[in-house]
Amino acid sequence: MRDMTADEIKTYAQDGIVCLRGMFSADWVNKLRAAAERSMQNPGDLHVELAAERQEAGRFFHDTFVWRYNETCRSCVYDSPAAQIANQLMGATRTNIFFDQWLIKEPGSETKTPWHQDMTYWPIDGTQISTLWLALDPVDKENGAVEYVKGSHLWQRKFKPVSFGGGNQYKEELPEVPDIEAMRDDLEFISFDMQPGDCTLHNGLTIHGSPGNLSLDQRRRAWVSRWAGDDVVYKPREGLQEMPPIPPGLKSGDPLDSDLWPRIIG
Ligand SMILES: O=C(O)CCC(=O)C(=O)O
């Protein structure tokens, strides 16, 4: 894999989001597409169907910690450029996989991804937390390109998680995400037309969301991986995103290193 450029590192630091073209080979894309089909036929324990949950048209397939049951995703975590990209852009000396996911919006899926920050859903704390979103299909605004509020990771604010499936399972006392749509004229937004093999990396505090997939025939399959760097520690709180059993012995404030969140670099 080529190294990240100084410009890419600066863009990630300033904007909280950077798009990288052609970082994953056609071979990775093809293997991941085949793996996605296998998961959709035979999903894991943490799989959810978000369109069905929200009683909306179409299919938004969501599965989490896929690398723990799917060999292709496991090798993508260990052997693909993903960990190196996150490590270099975060400026980390060590990097753990936090978890990976399929986020697949099929054509005609109405379900939007609400505006949110990632890290407030998770039992971790720190600054080197990022998400790599890998396109497995051509992506544009029509079929559900993710939109980001540029620089929102620098607001020094954490907002209450919003349940993707509707309802509200999240308990933490945090302010609600502001009405981002009403702030269209005041904020800077960015989204990317992407090709299979392109990816983005965004900061765990960058506000982002996506429209439904309004295309009639273009799927929007993404393999998404979440990464943690040097200063990230376990920080359990009440009512967060569902996780597999937390390794016994891991205490609040401990580094993540464990079977659940293995160190991939460093
Ligand atoms: O793929 C989407 O629609 C949302 C992506 C997202 O929220 C994320 O990658 O953290």
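Because the structure is predicted, anything quoted here is derived from the model rather than measured.
- Closest approach of S130 to A86, counting heavy atoms only: OG-CB, 3.8 Å.
- In the displayed structure, D179 atom CG is contacted under 6.0 Å by more than 12 heavy atoms of other residues, nucleotides or ligands.
- With N143 contributing its side chain and D140 its backbone, the two residues share a donor-acceptor pair below 3.5 Å.
- Between the side chains of W28 and S80, no donor N or O sits under 3.5 Å from an acceptor N or O.
- Put simply, the side chain of T131 does not reach to within 4.5 Å of the side chain of Q101, judged on heavy atoms.
- With a 4.5 Å cut-off on side-chain heavy atoms, V146 and F192 do not count as touching.
- Using a 4.5 Å heavy-atom cutoff, the side chains of I180 and F189 are in contact.
- Looking at W227 and N87, their side chains never come closer than 4.5 Å, going by heavy atoms from C-beta outward.
- Minimum heavy-atom separation, A51 to F60: CB-N, 3.8 Å.
- Between W261 and N96, the shortest heavy-atom distance links the atoms O-ND2, 2.8 Å.
- Under the 4.0 Å criterion applied to side-chain N and carboxylate O atoms, R59 and E106 are not assigned as salt-bridge partners.
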Begin with the C-alpha distance, continue with both residues' side-chain angles, and end with the deciding distance and a verdict on side-chain hydrogen bond (donor to acceptor under 3.5 Å, both in side chains) for K31 and S75.
-> CA-CA 10 Å; K31 284 196 292 207; S75 83; 5.3 Å; no
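- When the shell of 6.0 Å around CD of E172 is examined, it contains more than 12 heavy atoms from other residues, nucleotides or ligands.
- Taking 4.5 Å as the limit, some side-chain heavy atom of V139 sits within range of a side-chain heavy atom of W133.
- Atom OG1 in T127 sits 8.5 Å away from atom CE in M119 (nearest 0.5 Å).
- Using cut-offs of 30° and 60° for the angle between ring planes, the F99 and W122 rings count as perpendicular.
- Looking only at side-chain heavy atoms (C-beta outward), D15 and Y148 stay at 4.5 Å or farther from each other.
- Shortest non-hydrogen contact noted between Q128 and A92 is OE1-CB, 3.4 Å.
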Step-by-step side-chain hydrogen bond (donor to acceptor under 3.5 Å, both in side chains) determination, S109 to R220 | CA-CA 10 Å; S109 301; R220 198 223 67 176; over 6 Å; no
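- A salt bridge between K112 and E147 is absent, with no side-chain N of the basic residue lying under 4.0 Å from a carboxylate O of the acidic one.
- More than 12 heavy atoms of other residues, nucleotides or ligands shown are found within 6.0 angstrom of CD on E181.
- Residues passing the salt bridge (Lys or Arg N to Asp or Glu O under 4.0 Å) test with R263, sequence neighbours excluded: D257.
- Side-chain contact between F164 and H116 is present, with at least one heavy-atom pair separated by less than 4.5 Å.
- The aromatic ring centroids of H47 and H62 lie 6.0 Å or more from each other.
- With salt bridges taken as basic N to acidic carboxylate O contacts below 4.0 Å, none links R94 and D230.
- In this structure, the side chains of V29 and R33 come closer than 4.5 Å at one or more pairs of heavy atoms.
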